[in-house]
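What you are looking at is a predicted structure, and each value in this text was computed from that prediction instead of being measured.
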Amino acid sequence: MTFVPIAFVPPQPSPRAADLGERLGKVIQEFELQHQDLTGLELRQALAIATSRARCGAGAQRAVTLVAAAVVVGGLLAALLAQAKSATPPWILAALAIAVALVIAGYLVALRNR
């Protein structure tokens, strides 16, 4: 069996991300000059506060997740009721439910990795 080494190359930041990083670095340096006793913990806390406020899309992602879950549950209930009245094999409904769940999971992973 052959071994093929694969080197992980992190993606390059976009020009906007690089510009924002430079600006944040300058602001932090200016603040450190004004407040010589700034600790690393305080800096990490400030960055956490800033990034939590900047995540305005987090609520929308939760809403999409809840709507997707409601659609899946509603679809499964409707399919089970329809299956009870027809001669459809139950494995078809299970395969459909798994397919829908995989599509939704893929969508949520794509949202998270944006």
Measure the spacing between CD of E32 and CG of D37 and express it to the nearest 0.5 Å.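 That separation rounds to 11.0 Å.
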How long is the span from the CD1 atom in I28 to the CG atom in L47, to the nearest 0.5 Å?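 Spacing of CD1 (I28) from CG (L47) equals 5.0 Å.
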Any idea which heavy atoms bring A18 and P13 closest together, and the distance?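 Heavy atoms of A18 and P13 come nearest at N-CB, 4.5 Å.
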